[in-house]
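In each ligand, atom 1 is the first atom listed, and ligand 1 is the first ligand listed. Because the structure is a prediction, the values reported are computed rather than measured.
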Amino acid sequence: MVKLQLWLLVFTGLSGAVAQTDLEGQAFIFPKESADAHVVLEMNCNRPLQNFTVCLRYFTDLTRPYSLFSYASRAQENEILLFKEKPGELSLTVGGEWVVFTFPENAGTSRGWEHVCASWESATGIAELWVNWNPLPRKGLQKGYSVSNRGLVVLGQEQDSVGGGFDAKQSFVGELTKVNMWDLVTAMSDVRAASADSQLPHSDLSCDDLQYQIKGYVVLKPLLR
Ligand SMILES: *[C@@H]1O[C@H](CO)[C@@H](O)[C@H](O)[C@H]1NC(C)=O
């Protein structure tokens, strides 16, 4: 079980080995629209991914489209893309193919923090999207595909090439926190528990231990309470 945990500044190679750092309880603030502000993390793992779960929390007042999580490899600029098309509509792209999920963005949440988890399983192609811990009807894409083990994860911008090809009109403006990625399709109850102690199943995936880098105008601050 490998957990990519940007908000804790660690990329763990073993289950249960999550180091606590002073980044817990903090958020990346993307203070204004730009074509360069982003957070980047290089992925370099020992084998491709057949299953994954990505979760994050964000807070924004944007109504135009924007990228939430962009993973690009040399072979495929949209290996994994979580993209907000408009309020109440999120798309998940895997290996260049995409599905759209719609959900009621009710008054209580549209102006507050939104929690999103997306998962995908190669064996069936089934994708799940959970918004504020509520599942949406499952969809399918890219059955049998493998997600590249080498590439760049970018937060705040959508990659049209590895680490570049950004468009200000797809940039994220707002706050982003608790960005996690697991190499398995995990039950949401496990995801919740993982925030506390990260005791999840072990796997043979191992990845280089790399820290994220902030590029351009992105500020790390404690979460507002
Ligand atoms: C991916 O998940 C399926 C079932 O969900 C499992 O059988 C398979 O072993 C997993 N693959 C890897 C490489 O972990």
* Asked: Does the separation of the ring centres of Phe172 and Phe83 fall below 6.0 angstrom?
  ->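 Phe172 vs Phe83: aromatic centres not under 6.0 Å.
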
* Asked: Is Ser34 reaching over with its side chain to a backbone N or O of Ala37, donor-acceptor style, under 3.5 angstrom?
  ->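 Looks like yes, one N/O pair under 3.5 Å.
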
Exercise answer, ligand 1 polar atom pairs (N/O) under 3.5 angstrom:
| from | atom 1 | to | atom 2 | distance (Å) |
| --- | --- | --- | --- | --- |
| ligand 1 | 2 (O) | Asn51 | OD1 | 3.1 |
| ligand 1 | 2 (O) | Asn51 | ND2 | 2.5 |
| ligand 1 | 5 (O) | Glu121 | OE2 | 2.6 |
| ligand 1 | 11 (N) | Asn51 | ND2 | 3.0 |

* Going by the side chain to side chain contact (heavy atoms under 4.5 Å, CB included) test, name the single residue among Ile126, Val99, Thr124 that passes it with Arg138. =>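 Going through the options one by one, the only one that passes is Ile126.
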
* **Test: Glu42 and Arg150 ion pair at under 4.0 Å** =>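 Salt bridge flag = no for Arg150 with Glu42.
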
* Asked: Taking the inter-plane angle between the rings of Trp133 and His115 on a 0 to 90° scale, is it parallel (under 30°), tilted (30 to 60°) or perpendicular (over 60°)?
  ->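 The rings of Trp133 and His115 lie parallel, inter-plane angle below 30°.
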
* To do: Decide yes or no for Thr177 and Trp113: does some side-chain heavy atom of the first lie under 4.5 Å from some side-chain heavy atom of the second?
  =>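 Of all side-chain heavy-atom pairs linking Trp113 with Thr177, at least one is under 4.5 Å.
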
